[in-house]
Amino acid sequence: PKLMSLFESPEALGVTSEQIRGCPIGTLGLPEMGTDFVIQMYVDAKPKTIADLIRCSGLSHGTDVWVGNAQELIAQGKCTISTAICTRDDIMTYLIDKGIDPGISFKIMEAVRKGKGLTPENEQIMIDNGVPDWYIWSCKKIKYMFPKAHAAAYVMMALRVAYYKVYYPQAYYAAYFAIRAKAFNYELMCQGKERCEYYLDNLMRKKENNETSKKDEDTIGDLKVVQEMYARGFEFLPLDIYTAKAHEFQIIDGKLMPSLDSIEGLGEKAADALVEAVGNQNGPFVSKNDLRQKSKLSKTVIDTMSDLGLLEGMPEDSQLSIFDF
């Protein structure tokens, strides 16, 4: 029941919809369930059961199945998420229940799910067996339908992830940011809730004006999940180059330590090289120049790390001056 409540509001996460920009429910970051399109579908369809979620999954993966079709029918009260055509299997089982021959029911399903519509003969058979007009209209609109078995597999996978999001949130966010996030950026996302919301506000204004790039869209998606994490009371630790891992987020003292590759401009190979350089050290780097020589990081990346306060107290060069004596 607590997992199903995610599809009604984010209260199962301990937050309200007002605290999470653009997401009135709790499915952000869940595979196949966290996009703007699917979130709006849940708001409109109001799924109450796992069976409803499977039907929503079918709708989200079909073509001309939801928009201009089931969405309109549900809004008009002609059907519900439980009675709309959502997966290809629904057509055959529904027609058999209406008394139509199984072989004919199968052929109608195959034609509709491939976007071929209905022949006059098959349409008349449906009318003669009491199939309502809205159902026939819906069949004619469909261009492609998803199989129910695939929809069920997707939903079961997502619900397993949802379990961790609800009950093991820090582990969930650590895994999400390391594996699923497309544009995670230490500077934008790990400097506190206020900065996160500042950048999100700016990007959302760009989006409203249709000025966002693909990278901007990816950043918005990640910022929303970060905003949700902050709203739930969790925080990031300042990145420590001697403790952080190259590509994995860690839970340390109840907070998340970001990975080294979350630093802008520090790619996978550079992050691996930095971890190797740290491992070869018997102590801290004596200077930024020493760090750059041993890790092979570019001066630009070193400057970025310095600007972020990650090299606090580290001198520029290890060369001694006669004035130090």
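- A donor-acceptor pair is defined here as one N or O able to donate and one able to accept, closer than 3.5 Å; no such pair exists between the side chain of Thr83 and the backbone of Cys79.
- Note on Glu235 versus Lys193: no salt bridge recorded, every NZ/NE/NH1/NH2 to OD/OE distance being 4.0 Å or above.
- Tracing side-chain contacts under 4.5 Å through hydrophobic residues (I, L, V, M, F, W, Y), one never reaches Phe146 starting from Leu73; they form parts of separate clusters.
- Between Met189 and Leu223, the closest side-chain pair of non-hydrogen atoms falls below 4.5 Å.
- Applying the ring-ring contact (aromatic ring centres under 6.0 Å, His included) test to Tyr42 and every residue at least two apart in sequence or in another chain returns Phe7.
- No side-chain donor from either of Gln40 and Asp36 sits under 3.5 Å from a side-chain acceptor of the other.
- Salt bridge annotation for Glu217-Lys182: absent, with no cationic side-chain nitrogen under 4.0 angstrom from a carboxylate oxygen.
- Neither side chain, Asp303 nor Ser306, offers a donor N or O lying under 3.5 Å from an acceptor on the other.
- Using a 3.5 Å distance cut-off with no hydrogens or angles, the side chains of Asp290 and Ser287 do not pair a donor with an acceptor.
- Among Tyr173, Phe234, Tyr186, Phe184, the one residue that satisfies the ring pair (Phe, Tyr, Trp, His ring centres under 6.0 Å) test with Phe249 is Phe184.
- For residues 145-166, the side-chain hydrogen bond (donor to acceptor under 3.5 Å, both in side chains) pairs, not counting sequence neighbours, are Lys165-Glu228.
- Atom-to-atom distance recorded for Thr87:OG1 and Met92:CE is 10.0 Å, nearest 0.5 angstrom.
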Give the intermediate values and the outcome of salt bridge (charged side-chain N to carboxylate O under 4.0 Å, His left out) for residues Glu211 and Arg205. CA-CA 9 Å; Glu211 297 174 348; Arg205 280 193 291 270; over 6 Å; no
